[in-house]
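What's counted below: heavy atoms across the whole structure, side chains too, no hydrogens, waters or symmetry copies.
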Amino acid sequence: MSSSKNTICAFDLYGTLLSTESIAKKLAEHFGKDKAGVLAADWRKYQLEYTWRLNSMNQYEPFSAITQRSLQHTLAEHKLSLSSTDISSLMSAYDSLSSFPDVSPSLKTLSTTSNITAVVFSNGTYSMVSNSVHKSPDLSPHASVFKDLIVVEEVKKFKPAPSVYEHLARKMGKEGKMDEMWLISGNPFDVVGARAVGMQAIWVDRAGGGWVDGLVEGELGRPTAVVKSLEEVVEIVQKHTR
C-alpha cells in the first residue's frame, strides 16, 4: 500500500477515547467510592452483553436505551435503586465521560498528519457520540480532528457484526479496500470483528496485560499491532503504509 493513499483511522469511542470507568465518579455520589467501581464495571459488562444478544437475536435497540437498561439491570442485581431524576442525570453524564490521558497528545499529532483521515466509529447513537465529541471538556478541543462520526444506527447492528464494518467502508469510500482502514480500539471483540472483514486493527492495551483473546486462531484473530498508548498509532500506521 502506498503512503500516498489516504488511510482511514477509525477510533472506537467507549473504552478507547473515553473511559467508561470514569462514570464511577458520578456513581460514587450515590453509593460511595468503593461500590461505585464495581457498579461501573458491571454496567459496562451488561451494556456490551445486551448489544451482543441483540445481534444474535437479529434485533436492534438504540445504544442510549441499552445503556439505560443495563444500568437498571446493574442496580437491580446489587439490590440498589435510583430515582428517575438520578438515572437521567447519570445518562447525561455518559455524554461527558473523561478521556484517557494519551488521547489529547495523540489527536494533536493526528491534526498535522495529512495522509490519515481520522473518524469516530461507535456503537453509540449519533446524538450520544456527537455530544461526547463536541461538548465534552476533554474531546471538544480536538473535535475538528475527526472528519466524520460513523455510528451503527443506519445498519441497526452492533460491533462485531460484519455489516457494521462494511457500513464504515461505504461511508468512507473504501468498499473493496478494507485493508486501507484501521480500527483503533481498546476492545478485543471489536478488534477481532475488524480483522475478520480484512481491516487492519490496533489494540490499545493500556494495562499492558497482552493479547489473550482466543476466539479466532491465526493472524486474523489477532490485532495488526498492539500499543500501550494512542501516541504510538500514527507511527505504526505510517510504517505499515510505506
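At least one side-chain heavy atom of M172 sits under 4.5 Å from a side-chain heavy atom of I150. Contact of the W52 side chain with the P160 side chain is registered, since non-hydrogen atoms from C-beta on lie closer than 4.5 Å. With a 4.5 Å cut-off on side-chain heavy atoms, K35 and L80 count as touching. Within the 4.5 Å cutoff, side-chain heavy atoms of L139 are placed close to those of L107. Looking only at side-chain heavy atoms (C-beta outward), N123 and Q47 stay at 4.5 Å or farther from each other. At least one side-chain heavy atom of L54 sits less than 4.5 Å from a side-chain heavy atom of I66. Side-chain contact check for T125 versus V151: every heavy-atom pair is 4.5 Å or farther apart. Looking at C9 and V237, their side chains come closer than 4.5 Å, going by heavy atoms from C-beta outward.
Atom OG of S104 sits about 3.0 Å away from atom NE2 of H142, to the nearest 0.5 Å. Distance CD1/I116 to NZ/K147: 12.0 Å, rounded to 0.5 Å. Taking CZ from R195 and CD from E219, the interatomic distance works out to 7.0 Å, rounded to the nearest 0.5 Å. In this structure, the separation between CD on E154 and OG on S163 is 12.0 Å, given to the nearest 0.5 Å. In this structure, the separation between OG1 on T113 and CG on N115 is 7.0 Å, given to the nearest 0.5 Å. One finds the NE2 atom of H30 at 5.5 Å from the CG atom of L82 (value rounded to the nearest 0.5 Å).
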Practice prompt. Report the C-alpha distance between R170 and V155 in whole Å, list the side-chain angles of each, state the deciding distance to 0.1 Å, and finish with yes or no for side-chain contact (heavy atoms from CB on, under 4.5 Å).
Written response: CA-CA 12 Å; R170 284 193 299 272; V155 291; 3.8 Å; yes

Discussion item. Quick one, M128 with T67, criterion side-chain contact (heavy atoms from CB on, under 4.5 Å). Give me CA distance, side-chain angles, the key distance, then yes/no.
Written reply: CA-CA 11 Å; M128 292 176 74; T67 300; 4.0 Å; yes

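Shortest non-hydrogen contact noted between L149 and S130 is CD1-CA, 3.8 Å. When all heavy atoms are compared, the tightest approach of N6 to S114 is ND2-O, 4.4 Å. Nearest approach of S22 to S19, heavy atoms of both residues: OG-O, 2.6 Å. Contact detail for G221 and V192: the closest heavy-atom pair is O-CG2, 4.0 Å. Annotation for H134 and S140: closest pair O-CB, 3.4 Å, computed over non-hydrogen atoms. Contact record, A201 with W182: N-CE3, 4.2 Å, taken as the closest heavy-atom pair.
F189 and M199 fall into different hydrophobic clusters, where Ile, Leu, Val, Met, Phe, Trp and Tyr residues are linked whenever their side-chain heavy atoms come under 4.5 Å apart, directly or through other members. One hydrophobic cluster, built from ILVMFWY side chains closer than 4.5 Å, cannot hold both V38 and L27; they sit in different ones. Residues L97 and L39 share a single hydrophobic cluster, defined by chaining ILVMFWY side chains whose heavy atoms lie under 4.5 Å apart. Cluster membership check: V227 shares its hydrophobic cluster with V103, using side-chain heavy-atom separations under 4.5 Å among Ile, Leu, Val, Met, Phe, Trp and Tyr. By the rule that hydrophobic residues join a cluster once side-chain heavy atoms approach within less than 4.5 Å of another member, M181 and I236 end up as members of one cluster.
Counting only distance, with no hydrogens or angles, the side chain of D205 and the backbone of G209 share a donor-acceptor pair below 3.5 Å. A donor-acceptor pair under 3.5 Å is absent between the side-chain atoms of S136 and the main chain of V133, judged by distance alone. With hydrogens and angles ignored, the 3.5 Å screen pairs a side-chain donor or acceptor of T16 with a backbone N or O of G186. A donor-acceptor pair is defined here as one N or O able to donate and one able to accept, closer than 3.5 Å; such a pair exists between the side chain of E153 and the backbone of Y126. When atom types are taken as modelled, the side chain of D102 and the backbone of E231 share no donor-acceptor pair closer than 3.5 angstrom.
Y50 and E61 share no side-chain donor-acceptor pair at under 3.5 Å. Counted by atom type alone, D190 and Y165 present one or more donor-acceptor pairs between their side chains at under 3.5 Å. A donor atom on one side chain and an acceptor atom on the other are found under 3.5 Å apart for T224 and Q200. Residues R69 and Q72 bring no donor and acceptor atom of their side chains to less than 3.5 Å of each other. In this structure, a donor-acceptor pair under 3.5 Å is absent between the side chains of D42 and T74. A donor-acceptor contact closer than 3.5 angstrom is absent between the side chains of H167 and K157.
E29 has a carboxylate O that lies under 4.0 Å from a charged side-chain N of K26, or vice versa, which qualifies the two as a salt bridge. Salt bridge status for E49 with R53: present, with a side-chain N to carboxylate O gap under 4.0 Å.
At most 12 non-hydrogen atoms from other residues, nucleotides or ligands lie less than 6.0 angstrom from CD of E21. Taking a 6.0 Å sphere around CD of E77, one finds it holds more than 12 heavy atoms contributed by other residues, nucleotides or ligands. Taking a 6.0 Å sphere around NZ of K177, one finds it holds 12 or fewer heavy atoms contributed by other residues, nucleotides or ligands.
Ring orientation note: the planes of F158 and Y60 are close to parallel, at an angle under 30° on the 30°/60° scale.
Checking V204, L17, V191, D12 one by one against I184, the side chain to side chain contact (heavy atoms under 4.5 Å, CB included) holds for a single residue, V204. For the pairing with V129, the side chain to side chain contact (heavy atoms under 4.5 Å, CB included) check across L13, D95, L18 returns one residue only, L13. The ring pair (Phe, Tyr, Trp, His ring centres under 6.0 Å) test with Y14 is passed by exactly one of F100, W43, Y94, F121: Y94.
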